[in-house]
Chemist: 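What follows is a single structure, and I will ask about it in a moment.
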Amino acid sequence: MITAKDFMNTWVITATRDISIKKAVDLMLEYKVSGLPVVDDEGRLVGIITEKDILQLYNTFTPLENITVEKLMTTPVICFDENESLDNIWQCLLQKDFRRVPVTSSGKVVGIISRPDITRSILEKMRCISPVGAL
Amino acid sequence: MITAKDVMNPWVVTATKDTSISEAVELMLEHRISGLPVVDDEQILIGVITEKDILPLYNTSRQPREIKVQDLMTTPVVSFNQDETLDDICACLVENDFRRVPVTSSGEIVGIVSRPDITRIILKKMINNSPVEIS
């Protein structure tokens, strides 16, 4: 059985509660990710902030640099333990409108699994079982 | 009033209904995008294929080379005319779980507006601390 820890991306861009929305958007655009897990000082998962949360600000005139991630983040957040099966994570990404789920160990963020990670594995599987040159 | 054509990205990566699924996944991963508008020979928008449409293949026994974009694409597709307002597009992206909407002119695809495009605009607005203005 493939588990989260066999498959996850361990290089996770995270935010903390007290950083500004500006900083969070900068991070999303710079690293081309659609959301950031929010962690406390000890790396424990406390929420998630996504592009979709940011879109709500389109019509606001508040000085947005003063808005912290804490104000907009979603909490509690759906996450999976590192020993969870990849099948369960796949089901979650298929059924919900999440693009990514954080992976935790004792509550701390240790990785992330996103839809592109799964589509990449589907592509690799296709290449393995197709005759050379067929794709 | 900001319209779709003021903010859209005119460099759209598209697929046709005959494109193989493996090629569609390669395009998404290469360009780090979550979906491709599907067009006919005359660039008329006929559907959209997204990461989410690909995810079910994780568990399929079908021969991948038999699967084409037309087997998995969503049609009809929600799109906006190039003269529609950014406000309407933003509302659509907030209310639905779309990450992008194709922009058309007389049915032909001319651009795409995605969530990151709008977060970039919001960032600009935050820096200027003023209502959105596109120069």
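Numbers restart at 1 for each chain; the letters A, B, ... are given by sequence-line order, proteins then strands. Note that the structure is a prediction, hence the values are computed from the model and not measured. The basis for the numbers below is simple: all heavy atoms, side chains too, and nothing from hydrogens, waters or symmetry mates.
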Chemist: Counting only non-hydrogen atoms closer than 4.5 Å, can you tell me which residues of residues 31-42 of chain B sit against chain A?
Modeler: B:Arg32, B:Ser34

Chemist: Do B:Thr119 and A:Met28 have side chains that approach each other closer than 4.5 Å (heavy atoms only, starting at C-beta)?
Modeler: no

Chemist: Looking at A:Asp87, A:Ile54, A:Leu94, A:Leu86, which makes the most heavy-atom pairs under 4.5 Å with chain B?
Modeler: A:Leu94

Chemist: Report whether A:Val33 and A:Val109 are members of the same hydrophobic cluster (ILVMFWY, side-chain heavy atoms less than 4.5 Å apart, transitive linking).
Modeler: no

Chemist: Hey, which of B:Met28, B:Arg99, B:Glu26 has the most heavy atom pairs under 4.5 Å with chain A?
Modeler: B:Arg99

Chemist: Kindly work out whether a path of hydrophobic side-chain contacts (I/L/V/M/F/W/Y, heavy atoms less than 4.5 Å apart) joins A:Leu45 to A:Ile19.
Modeler: no

Chemist: Can you tell me which portion of B:Ile54 sits under 4.5 Å from chain A's heavy atoms? Options are side chain, backbone, both or neither.
Modeler: both

Chemist: Please output the side-chain donor-acceptor pairs of residues 8-18 of chain A that fall under 3.5 Å, not counting sequence neighbours, one pair per line with the distance.
Modeler:
{"from": "A:Asn9", "atom 1": "OD1", "to": "A:Trp11", "atom 2": "N", "distance (Å)": "3.1"}
{"from": "A:Thr16", "atom 1": "OG1", "to": "A:Asp18", "atom 2": "OD1", "distance (Å)": "2.7"}

Chemist: Which atoms of B:Asn96 are under 4.5 Å from chain A, going by heavy atoms: the side chain, the backbone, both sets, or neither?
Modeler: backbone

Chemist: Indicate if B:Phe80 and B:Ile118 have the same hydrophobic cluster label, given that clusters are the connected sets of ILVMFWY residues with side-chain heavy-atom separations under 4.5 angstrom.
Modeler: yes

Chemist: Starting at CD of A:Glu51, measure out to CG of B:Leu93 and round the result to the nearest 0.5 Å.
Modeler: 9.5 Å

Chemist: For the atom pair CG (B:Leu29) and CG (A:Asp117), what is the distance rounded to the nearest 0.5 Å?
Modeler: 9.0 Å

Chemist: Take atom NZ of B:Lys17 as the centre, draw a 6.0 Å sphere, and report whether it contains more than 12 heavy atoms from other residues, nucleotides or ligands.
Modeler: no

Chemist: Heavy-atom cut-off 4.5 Å, strictly under: side chain, backbone, both or neither for B:Glu51 against chain A?
Modeler: both

Chemist: Is there a path of hydrophobic side-chain contacts, each under 4.5 Å between heavy atoms, that joins B:Leu86 and B:Val110?
Modeler: yes

Chemist: Tell me whether B:Trp11 shares a hydrophobic cluster with B:Val13, the cluster being built from Ile, Leu, Val, Met, Phe, Trp, Tyr side chains joined at under 4.5 Å.
Modeler: no

Chemist: Return the set of residues passing side-chain contact (heavy atoms from CB on, under 4.5 Å) with B:Ser79 (not counting sequence neighbours), or none when no residue passes.
Modeler: B:Leu45, B:Pro102, B:Thr104

Chemist: Kindly compute the distance separating CE (A:Met126) from CD1 (B:Ile21), expressed to the nearest 0.5 Å.
Modeler: 6.5 Å

Chemist: Partners of A:Asp6 by side-chain contact (heavy atoms from CB on, under 4.5 Å), sequence neighbours excluded?
Modeler: A:Ile2, A:Thr3

Chemist: Which one of A:Lys52, A:Gln91, A:Gln56 has the most heavy-atom pairs closer than 4.5 Å to chain B?
Modeler: A:Lys52

Chemist: To the nearest 0.5 Å, what is the distance between CD1 (A:Ile122) and OH (B:Tyr58)?
Modeler: 8.5 Å

Chemist: If I take atom CG from residue A:Leu29 and atom CG from residue B:Leu123, how far apart are they, to the nearest 0.5 angstrom?
Modeler: 6.5 Å

Chemist: Output the distance between atom OH (A:Tyr58) and atom CD1 (B:Ile121), rounded to the nearest 0.5 Å.
Modeler: 6.5 Å

Chemist: Looking at A:Leu93, A:Asp53, A:Asp97, which one has more heavy-atom pairs under 4.5 Å with chain B than the rest?
Modeler: A:Asp97

Chemist: Using a 6.0 Å cut-off, check whether atom NZ of A:Lys5 has over 12 heavy atoms from anything other than its own residue.
Modeler: yes

